[in-house]
Amino acid sequence: MAKDSYYDKDAADHAVCFIEKFCCHTQGQWDGEPFELIDWQEQIIRDIFGILKPNGYRQFNTAYIEIPKKNGKSELAAAVALYLLCADFEPGAQVYGCAADRDQAKIVFDVALEMVKRSPLLMSKMTIRQSQKEMEYNPTGSKYKALSADVANKHGFNIHGVIFDELHTQPNRKLFDVMTKGSGDARMQPLYFLITTAGDNVNSICFEQHQKAKDILEGRKHDSTFYPVIFGVDEDEDWTDPKVWKKANPSLGITIGMDKVQTACEQAKQNPAEENSFRQLRLNQWVKQAVRWMPMDKWDACGSPFNPEMLEGRVCYGGLDLSSTTDLTAFCLVFPPEDEDAPYYVLPYFWIPEDTLDLRVKRDHVPYDLWERQGYIQTTEGNVIHYGFIEKFIEELGTKYNIREIAFDRWGATQCVQNLEGMGFTVVPMGQGFASMSPPTKELMTLTLQQNIAHGGHPVLRWNMDNICIRTDPAGNIKADKSKSTEKIDGAIAMIMALDRAIRCGYDTSESVYDTRGLLVF
């Protein structure tokens, strides 16, 4: 509770009593029964509606509730929407239920509508426009309407309440920004009620809110207006242990049976493809669609920032992944250590066609536009990669750094490579098979685990590393597999190629570390 804020029991009781008196269950064995709040639900309602600022208005205007499926999310969200609509003493309230698409948007609305139909008093005071997914509370002229992401370009909302259902499914941040940035400024106590299961896209608006919630819960940040609740299992906990399931599922044994979770767990044990689904939907863990290769906590431990100017004049090696002319292109410099205690420094660079930037953001759900504004990605003119721009950029890098060699995919040779040779660079073709890629890929893992690589926390490179899926041949050789990796890995490939040359040639171009000690494999 913020300084000077206070708990008003009457205000909290008012919200709880409205829900338990006028709302009811609409599905399953409790269909038609009064909505008796479970302890965790009641705590949320009491905190949100009962903790007030000195001026008497609510302290919290954003509530982020992250919890696995089947714990009663939709019913709670519907009850909150109806309270904001009918009982919050707000004339002309505008309440919106938001989701990624029309089908998802109507889930909470339909639950709320069923609650209204089961309450003679509410039904007598409500005008229902079911085809428009809208209801109006006649005594105050307040309206509740379901919206989906396709209205993200509309403005002019005067919001008293927003219910975001399954925030992790939002394709981008546009609808979220439209509904939360300034849309409630004309109201004294708007509420943005965000309720979701964990997702799998760490570049999403949902993960951004998840991280904020975690930072507040763990004391790294403070925001007196943000109410965070996360029910989930930590990554290092045994996901097969029934003892940890209750931690993520506060309604276990009430709205969700232990046998259901047990069955889902057994299926996940038998079929690894279902493990991520179980972790995400049943235990509320943020997971990747595919099992990732790089332990990202170890990668992040090598991300301390450094000033690239300290590397000027240093010997380095380049890796160039030209990819498709319409895709992400990456160039990476790797600087071998000058002494035994120093790390390999990494400087990555990325390009994308300017005209396809917005399309790629919408299609891939990746914040290329944000990275471009922050300087982590550059755009080249037109709707295809302008290799001349990249050639010029690399030429300028050559005036600052001693680029000994540039490795490239030998199957991707283009005029660009010939032009780089014409500029005086030594350009080395590198195969993408197991024989060529396995040694530097294994070495990258070794350097990361030993914290002998420094990448400065570059977000695009981090995204690439987190996307890597590995193929293994019968001999135990490995390589990053673009066909299996769920997202782009171009920067990681460029870095691995550059690292190969840096390891083979080293700082003084004498002998290869492969020759002196072989591979270190953990």
* Has R102 got more than 12 heavy atoms of other residues, nucleotides or ligands less than 6.0 Å from its CZ? -> no
* Can we call the ring centroids of F306 and Y345 under 6.0 Å apart? -> yes
* **Contact check, side chains of K214 and K212, non-hydrogen atoms, under 4.5 Å** => no
* Close side-chain approach of V366 to W371, heavy-atom, < 4.5 Å -> yes
* To do: Would you indicate whether the side-chain heavy atoms of Y192 and T62 approach each other to under 4.5 Å?
  => yes
* To do: Measure centre to centre between the rings of F350 and Y376, then say whether the value is under 6.0 Å.
  => no
* May I ask you to test the V162-T180 pair for a side-chain heavy-atom distance under 4.5 Å? => no
* Over 12 foreign heavy atoms within 6.0 Å of CD, E309 -> no
* Asked: Can the ring centres of Y144 and Y96 be said to be less than 6.0 Å apart?
  -> no
* To do: Compute the ring centroids of W30 and F35, then answer whether they are less than 6.0 Å apart.
  => no
* Please tell me if the side chains of T127 and M135 come closer than 4.5 Å, counting only heavy atoms from C-beta onward. => no
* E166 and I107, any side-chain heavy atoms less than 4.5 Å apart -> no
* **Ring centres under 6.0 angstrom apart (F207, H168)** => no
* Going by heavy atoms in the side chains, are K69 and R282 under 4.5 Å from each other? -> yes
* Asked: Under 6.0 Å between ring centres, would you say that holds for Y83 and F49?
  -> yes
* Asked: Just wondering, are more than 12 heavy atoms of other shown residues or ligands nearer than 6.0 Å to CG in N307?
  -> yes
* **NZ/K70: more than 12 non-hydrogen atoms of other groups inside 6.0 Å** => no
* Note, V95 side chain near I159 side chain (heavy atom, < 4.5 Å) -> no
